[in-house]
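What follows is a single structure, written as structure tokens, with notes after it.
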Amino acid sequence: TFAFVDLSGFTALTGAEGDERAVSVLAVFRSTLREICSRRAVRIAKWLGDGAMLVSVESKPLVAAALEMMFAAESAPEPMTVKCGITIGHVILLEGDDYIGHAVNVAARLCELAAGHEVLALSEVVDHLPSWGTTESTDEMSVRGLEQPLSVVRLGLHQPGQGASPDPVCHIPLTDETAFERRRDANGATLLFCSDSCL
């Protein structure tokens with residue numbers, strides 16, 4: 001499973017607010033993504049200036065990491081607008097550290113097509129959504145370099161409404177229905193966790 005995650009509007013930010021401000025935002029982006037991927041066992045295959053390429057043999061941790069990054073960007077100490085494209089497929093591992101193939105190319109194109117705060121994925125990714133993730137819409141999209149349009153889904157976080165409890169690690173809002181696991185704290189209060197990694 002592959003994902004490209006980018007800071008949206010980074011060039012405009014650099015032009016409007018200067019290099020130092022842009023570097024400050026980029027540092028928060030990288031440290032946040034690094035922490036999320038480390039906890040969820042997702043590999044950052046490479047940094048791409050104001051973006052990154054992610055890879056995981058298992059799909060669910062990567063999808064969860066991408067959705068968490070969208071959530072974290074909204075409450076980051078430096079305001080960030082992030083976008084993402086996700087695909088699943090076989091590729092060639094070249095020289096031990098580079099991935100070549102259709103799945104990688106499409107993930108990069110989906111990230112280009114995504115608007116700020118948007119996760120675009122191929123429809124087969126839906127099967128690997130965490131319980132707190134949701135499909136917001138499905139569309140046929142033309143992708144640069146491909147003759148046929150692709151079935152693309154917009155992914156988001158389940159909106160739990162009142163009574164939600166944040167995961168104590170990643171702070172994603174959860175309910176009894178969307179939580180991966182429940183535990184009691186020292187005072188007997190119920191804690192809800194989004195995944196085994198946060199648990």
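The analysis underlying the following values was restricted to heavy atoms, covering all of them including side chains, and did not include hydrogens, waters or symmetry mates.
Side chains of V91 and F2 form a contact here, defined as non-hydrogen atoms less than 4.5 Å apart. You'll find the side chain of D139 stays beyond 4.5 Å of the side chain of V152, heavy atoms only. Contact annotation: the side chain of L110 approaches that of T87 to within less than 4.5 Å [non-hydrogen atoms, C-beta and beyond]. You'll find the side chain of L150 stays beyond 4.5 Å of the side chain of E140, heavy atoms only. Under the 4.5 Å side-chain criterion, counting only non-hydrogen atoms from C-beta, H102 is in contact with L146. Annotation: side chain of L174 is in contact with side chain of C194 (closest heavy-atom distance under 4.5 Å). For the pair L191 and E181, the minimum side-chain heavy-atom distance is 4.5 Å or more. Using a 4.5 Å heavy-atom threshold, the side chains of Y99 and V55 count as touching.
A donor-acceptor contact under 3.5 angstrom links the side chains of S137 and R154, judged on distance only. Side-chain atoms of E58 and S56 form no donor-acceptor pair, as typed in the model, at a separation below 3.5 Å.
The hydrophobic cluster around V57 extends to none of the other residues, as no ILVMFWY side-chain heavy atom falls under 4.5 Å of it.
Placement of L67 and F71 within a single hydrophobic cluster is found when ILVMFWY residues are connected by side-chain heavy-atom separations under 4.5 Å, directly or transitively. Clustering ILVMFWY residues whenever any of their side-chain heavy atoms sit less than 4.5 angstrom apart, transitively, puts V28 in the very cluster that holds M70. V63 is connected to I44 through a chain of hydrophobic side-chain contacts under 4.5 Å among Ile, Leu, Val, Met, Phe, Trp and Tyr, so both are in one cluster. Cluster membership check: L62 shares its hydrophobic cluster with V119, using side-chain heavy-atom separations under 4.5 Å among Ile, Leu, Val, Met, Phe, Trp and Tyr. Under a hydrophobic-cluster definition in which Ile, Leu, Val, Met, Phe, Trp and Tyr are linked whenever side-chain heavy atoms come within less than 4.5 Å, directly or via other members, I88 and V104 are assigned to different clusters.
Taking every heavy atom of both residues into account, I36 and A72 meet most closely at CD1-CB, 4.2 Å. The shortest heavy-atom contact between S142 and L113 is O-CD1, 3.9 Å. Residue S195 comes nearest to F180 through the heavy atom pair C-CD2, 3.4 Å, listed as atom of the first residue, atom of the second, then distance.
Here the side chain of D167 pairs a donor or acceptor atom with the backbone of V169 at under 3.5 angstrom. A side-chain donor-acceptor contact under 3.5 Å links Q159 to the backbone of L157. Without hydrogens or angle criteria, S38 side chain to R34 main chain gives no donor-acceptor distance under 3.5 Å. Remark: side-chain polar atoms of N187 are not paired, donor with acceptor, to backbone N or O of A189 under 3.5 angstrom. Checking side-chain atoms of S197 against main-chain N and O of R40 turns up no donor-acceptor pair under 3.5 Å. With hydrogens and angles ignored, the 3.5 Å screen pairs no side-chain donor or acceptor of E68 with any backbone N or O of A65. At distances below 3.5 Å, at least one donor-acceptor pair connects side-chain atoms of T178 with backbone N or O atoms of T175.
To the nearest 0.5 Å, atoms CZ (F29) and CG (L7) are separated by 4.5 Å. Taken to the nearest 0.5 Å, the CD1 atom of I86 stands 9.0 Å off from the CG atom of L120. Annotation: the span from D6 atom CG to L48 atom CG amounts to 7.5 Å, rounded to 0.5 Å. Once rounded to the nearest 0.5 Å, the distance linking SG of C84 with NE2 of H117 reads 14.0 Å. Here the CE atom belonging to M69 is positioned 9.5 Å from the CG atom belonging to L54, to the nearest 0.5 angstrom. Separating the CZ atom in R30 from the CH2 atom in W47 is a distance of 5.5 Å, to the nearest 0.5 Å.
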Pair T134, L155 - check side chain to side chain contact (heavy atoms under 4.5 Å, CB included), show working. CA-CA 6 Å; T134 186; L155 305 180; over 6 Å; no

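Looking at K83 and E112, no side-chain N of the basic residue comes within less than 4.0 Å of a carboxylate O on the acidic one, giving no salt bridge.
Remark: L94 CG is packed, more than 12 non-hydrogen atoms of other residues, nucleotides or ligands lying under 6.0 Å away.
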